[in-house]
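Down below is the structure, laid out as structure tokens.
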There are 2 protein chains.
Amino acid sequence: VGELRLIEAIRATLGAPGERVVRWSGDDAAVVRARPFAVTSIDTVADGVHFDLTTHSPADVGHKALATALSDLAAMGADPGEAYVSLALPEGFDEAAALEIAHGIAALAAATGTTVAGGDVIAAGSLVIAISVTGWADAEERLVAREGAAPGEVIGVTGALGASSAGLLALHERPAGLEPAIAAALAARHRRPAPRLSAGHALATAGATAMIDLSDGLATDARHLARASGVRLEVDTGTLPIAPGVAELANATNRDARTLAVAGGEDYELLFTIPADRWETAASAAGIPLTRLGRVLEGDGLAFTGPDAADLDPLRGYEHA
Amino acid sequence: VGELRLIEAIRATLGAPGERVVRWSGDDAAVVRARPFAVTSIDTVADGVHFDLTTHSPADVGHKALATALSDLAAMGADPGEAYVSLALPEGFDEAAALEIAHGIAALAAATGTTVAGGDVIAAGSLVIAISVTGWADAEERLVAREGAAPGEVIGVTGALGASSAGLLALHERPAGLEPAIAAALAARHRRPAPRLSAGHALATAGATAMIDLSDGLATDARHLARASGVRLEVDTGTLPIAPGVAELANATNRDARTLAVAGGEDYELLFTIPADRWETAASAAGIPLTRLGRVLEGDGLAFTGPDAADLDPLRGYEHA
């Protein structure tokens, strides 16, 4: 009965559905007028694993759960569409906090043009949020997979790197030598990642040949792309766009900023490959700064070049926890 | 790393994707060639709440998680399409058991023409499985919602009622007076509910005007349908199709079989309304026995008629736990 009241309250937060949504919450299933290609991903976050309620507000948690799912649509270049939310709440979980999670989801949905078209609220042993998102495309060739990179192309990345892992460290270690404003800005980047939906769509349109979102960190995700495409990626460490505040956090905690940028996860920027002659078109359409990181070669795997590449060698076996 | 190995192992269980699936597991998102209307629902089951690993095998759990989700597509009359699976596993959960869950999902997917096109395996505080399913239809009017029932129509139900809750009781109470073969058959119905996809599709085609799947039990779900349609449903208790073995279980545990049939949840049969002159068409197309339960009247709510209707009165406030 508490679940039913909660579902009603959540429904009230969701606003009007998108115009393609024919039926939504309140029936057995949602019905959506389709476009030619449906692009779907499911993502899950769990308390104590992907977030911590001592450092994240319930709204942060909702935001993050939807952001990580939408980031997969961004990495395909799909237009946003609908989200379906599964909320598993532990016994006695505060109803107001559950509503706040829903508010965090609803706010990001509204900001990205996503309709939360269905959901499920259940009791469980722990807090787990799974969100399935469906985006749309009118033609298969407007979507970008992980495979498709070809030797001779260049490697690019949206935005800047390292802010999320630096924010996580700022939250957990509270380093004394770090300015509070910088710590707060980094923490905000960790708590509220931004799925790069419009950049992903623009890059797909501009001719990106392969793309992946950086959830586990450049060192890991670039290898996924290299393997799927059957190429070698060469990244010049001198070009890495290190996010503002990361150097200060690294300094205050005796870490290396470049390592945070390369190995830190959850930035949710897009790593892509593109023919060099499409770069200017992509850069002017992306709506966010792009950085050219290196080039695509024949072979396999990921290699770092540049003056301090040797220092990054230990990262080659790095897996984000 | 254990998760990655598990994901690889799960992938190996999944067989070939449906022909409309352009990209699937292994990229950031699955890509599916759409039909005009997408029908989507997400459902979640949790250890200790929706199942119990002491009475359900891991494969049962996987089956049940997908079956409950597909049942929502059945209730819309949609054709099956794709499933996206989120598997949250507690620390130290046996990898072989996780694979068995995947096998249970894959077997039901294959049996129903569903492609498991994506998924996510994470660590969490407890075992939670969320499955999002998308089915398809070529026209909106081929789908059946909960609203749409009109006074003068008749009420029908697929299959038989009460077996799932009787099976749950057989598992937990192990009544001495119940024949083992009957107990086993009831338990099987509880562990492996059958989503009525082809019956739902046939009923939609035959002219059903409103439909819902019986997850919480007839007494609860019929009210949902009545409210959504703005009608009164009158069910003759003398007509209830009580599943084989339910009377024996009721007898052995001092319960009332009709109460189990009306109030017991998780049968996943379909309750529907249809004009009386379409009944024969529906009955011959459904591929499963249909039972005429009563009629649709002006008004609201659910009323039981028949000689023992008064005994069922306490059920009016019944909510399945």
Side-chain angles (χ1 to χ4, degrees), chain A residues 1 22-23 26-50 71-73 75-76 78 82 84-88 90 117-128 130 132-137 140 143 145-147 211-213 228 319, chain B residues 1 22-23 26-50 71-73 75-76 78 82 84-88 90 117-128 130 132-137 140 143 145-147 211-213 228 319:
Chain A
V1 177
V22 178
R23 297 194 169 276
D27 220 303
D28 291 296
V31 180
V32 175
R33 195 169 286 118
R35 287 167 57 194
F37 289 86
V39 183
T40 302
S41 182
I42 191 164
D43 258 288
T44 318
V45 297
D47 186 19
V49 180
H50 304 86
S71 182
D72 288 322
L73 300 189
M76 302 295 288
E82 295 75 45
Y84 302 89
V85 178
S86 157
L87 194 52
D120 191 25
V121 179
I122 65 147
S126 62
L127 176 56
V128 177
S132 169
V133 288
T134 296
W136 300 95
E140 195 181 343
L143 296 169
R146 292 180 182 179
E147 68 186 43
M211 192 150 60
I212 190 170
D213 67 319
E319 294 275 352
Chain B
V1 176
V22 179
R23 297 192 169 278
D27 220 304
D28 291 297
V31 179
V32 176
R33 195 170 285 117
R35 286 168 56 192
F37 289 86
V39 183
T40 302
S41 182
I42 191 165
D43 258 287
T44 319
V45 296
D47 185 20
V49 179
H50 303 86
S71 183
D72 288 322
L73 300 188
M76 302 295 289
E82 296 76 43
Y84 303 88
V85 177
S86 156
L87 195 52
D120 191 25
V121 179
I122 65 149
S126 62
L127 176 56
V128 177
S132 170
V133 288
T134 296
W136 301 96
E140 194 182 342
L143 296 170
R146 293 180 181 179
E147 69 186 44
M211 191 148 63
I212 190 170
D213 67 318
E319 294 274 350

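The basis for the numbers below is simple: all heavy atoms, side chains too, and nothing from hydrogens, waters or symmetry mates. In what follows, every chain begins at residue 1, and chains take the letters A, B, ... in the order their sequences are listed.
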Exercise. Judged by atom type as modelled, is there a donor-acceptor pair below 3.5 Å linking the side chain of A:Thr40 to the main-chain atoms of B:Ala30?
Worked result: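 Checked: no pair found.
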Given a strict heavy-atom distance threshold of 4.5 Å, which part of [X] is in contact with chain A: side chain, backbone, both, or neither?
| X | result |
| --- | --- |
| B:Glu140 | side chain |
| B:Arg146 | both |
| B:Val39 | both |
| B:Val22 | side chain |
| B:Val32 | both |
| B:Val133 | neither |

For this session: Working to the nearest 0.5 Å, report the span between CG of A:Asp27 and CG of B:Asp72.
Result: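 So the gap between those two atoms works out to 9.5 Å.
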Problem set entry | Spatial distance of atom CG (B:Asp120) from atom CG (A:Asp43) [nearest 0.5 Å] |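 B:Asp120 atom CG to A:Asp43 atom CG measures 5.0 Å (nearest 0.5 Å).
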For this session: State, yes or no, whether a side-chain contact exists between B:Ile42 and A:Val85 at a heavy-atom distance under 4.5 Å.
Result: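 A side-chain contact is absent here, since even the closest heavy-atom pair is not under 4.5 Å.
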Where does [X] contact chain B at under 4.5 Å (heavy atoms): side chain, backbone, both or neither?
| X | answer |
| --- | --- |
| A:Leu143 | side chain |
| A:Val31 | both |
| A:Ala88 | side chain |

Exercise. A:Arg35: what forms a side chain to side chain donor-acceptor pair (under 3.5 Å) with it, not counting sequence neighbours?
Worked result: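 Counting only residues at least two positions away or on another chain, A:Arg35 forms a side chain to side chain donor-acceptor pair (under 3.5 Å) with A:Asp79, A:Asp138.
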